[in-house]
Amino acid sequence: DAGVIQSPRHEVTEMGQEVTLRCKPISGHNSLFWYRQTMMRGLELLIYFNNNVPIDDSGMPEDRFSAKMPNASFSTLKIQPSEPRDSAVYFCASSQDIRQPQHFGDGTRLSIL
Amino acid sequence: TQLLEQSPQFLSIQEGENLTVYCNSSSVFSSLQWYRQEPGEGPVLLVTVVTGGEVKKLKRLTFQFGDARKDSSLHITAAQPGDTGLYLCAGARSNYQLIWGAGTKLIIKP
């Protein structure tokens, strides 16, 4: 079975550029989560969706960050404009519902120069 | 504010030794999950404990949930190099949202 698929795996770009991260959750899962992981702050929840609707975006650091889930099989996390402090590994995870364990993708390692 | 404290943050031991990782909070959780993360990959669920005092075993790994459902421990017996990784605990609140610990980086030397 295919797991959570994230793309790209690595992204290196200059500050000020727009960055779009993509996620395909496991089919049949109705909860989707975006996380950011850094050495300093560990794993932080940015936003989560239930049935394609954003439920809690309190972890989104600034207005530069936005996330969408246009359908059950696709979500994006966009940073515009990007800054060096956004450098981190961004994970997408999905679960059958909010009460079930989360399945993580392999992450996108983002470097903003 | 770290609501879920993991200790130690880092542990490096020899193959064959035993170890315990702790996950502590002042909050009560409806359940607690343990994940292992290897370099370049996302966290993978190891176990979920739900009942206060519950003990679950996964081969050489023993997980315990505190009686008050505020803390948990992971004990590894006869550690092997394949156990190397970042171990994360995550507590579920009443609304099922997860609170994550900062992780314990474990290195098992052959």
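Numbers restart at 1 for each chain; the letters A, B, ... are given by sequence-line order, proteins then strands. This structure is a prediction, so every number in the text was calculated from the model and none was measured.
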Query - Which atoms of Tyr35(A) approach chain B - backbone, side chain, both or neither, heavy atom under 4.5 Å - result: side chain
Query raised in the report: Any side-chain heavy atom of Leu45(B) sitting closer than 4.5 Å to one from Gln102(A)?
Result: no
Query raised in the report: Asp97(A) versus chain B, heavy atoms under 4.5 Å apart: side chain, backbone, both or neither?
Result: neither
Query raised in the report: Can you check whether Phe33(A) and Trp100(B) have ring centres sitting under 6.0 Å from each other?
Result: no
Query raised in the report: If you measure from CD1 on Ile98(A) to CD on Gln97(B), what distance do you get to the nearest 0.5 Å?
Result: 6.0 Å
Query raised in the report: Residues of residues 66-74 of chain A under 4.5 Å from chain B (heavy atom pairs)?
Result: none
Query raised in the report: According to a 4.5 Å side-chain heavy-atom criterion applied to Ile, Leu, Val, Met, Phe, Trp and Tyr, with indirect links allowed, do Val89(A) and Ile112(A) form part of one hydrophobic cluster?
Result: no
Query raised in the report: In terms of heavy-atom contacts, does CD of Gln14(B) have more than 12 from other residues, nucleotides or ligands at under 6.0 Å?
Result: yes
Report task. Give a yes or no on this: more than 12 heavy atoms of other residues, nucleotides or ligands lie within 6.0 Å of atom CD of Gln9(B). Result -> no
Query raised in the report: Going from CG on Leu43(A) to CG on Leu98(B), what distance comes out if it is rounded to the nearest 0.5 angstrom?
Result: 9.5 Å
Query - Nearest heavy atoms of Phe91(A) and Gly42(B), plus distance in Å - result: CE2-CA, 3.3 Å
Query raised in the report: Same hydrophobic cluster for Val4(A) and Leu45(A), using side-chain heavy-atom links shorter than 4.5 Å among ILVMFWY?
Result: no
**Report entry** Within 6.0 Å of NZ in Lys56(B), more than 12 heavy atoms from elsewhere
**Finding:** yes
Report task. Please answer whether the main-chain N or O of Gly40(B) pairs with a side-chain N or O of Arg9(A) as donor and acceptor at a distance below 3.5 Å. Result -> yes
**Report entry** Joint hydrophobic cluster, Leu106(B) plus Val44(B), side-chain heavy atoms closer than 4.5 Å
**Finding:** no
Query raised in the report: Which region of Arg109(A), side chain (C-beta onward) or backbone (N, CA, C, O), has a non-hydrogen atom less than 4.5 Å from a non-hydrogen atom of chain B, or is it both or neither?
Result: neither
Query raised in the report: By a 4.5 Å heavy-atom criterion (distance strictly below it), what part of Glu41(B) contacts chain A: side chain, backbone, both, or neither?
Result: both
Report task. Check the hydrophobic clustering (I, L, V, M, F, W, Y; side-chain heavy atoms under 4.5 Å; chains of links allowed) and say if Phe104(A) and Leu21(A) are grouped together. Result -> no
Report task. Consider only side-chain heavy atoms of I, L, V, M, F, W and Y, link residues closer than 4.5 Å, and tell whether Phe65(A) and Leu32(A) are in one cluster. Result -> yes
Query raised in the report: How far does CZ of Arg99(A) sit from OG of Ser30(B), to the nearest 0.5 angstrom?
Result: 11.0 Å
**Report entry** Between Gln37(B) and Gln37(A): side-chain donor-acceptor atoms closer than 3.5 Å
**Finding:** yes
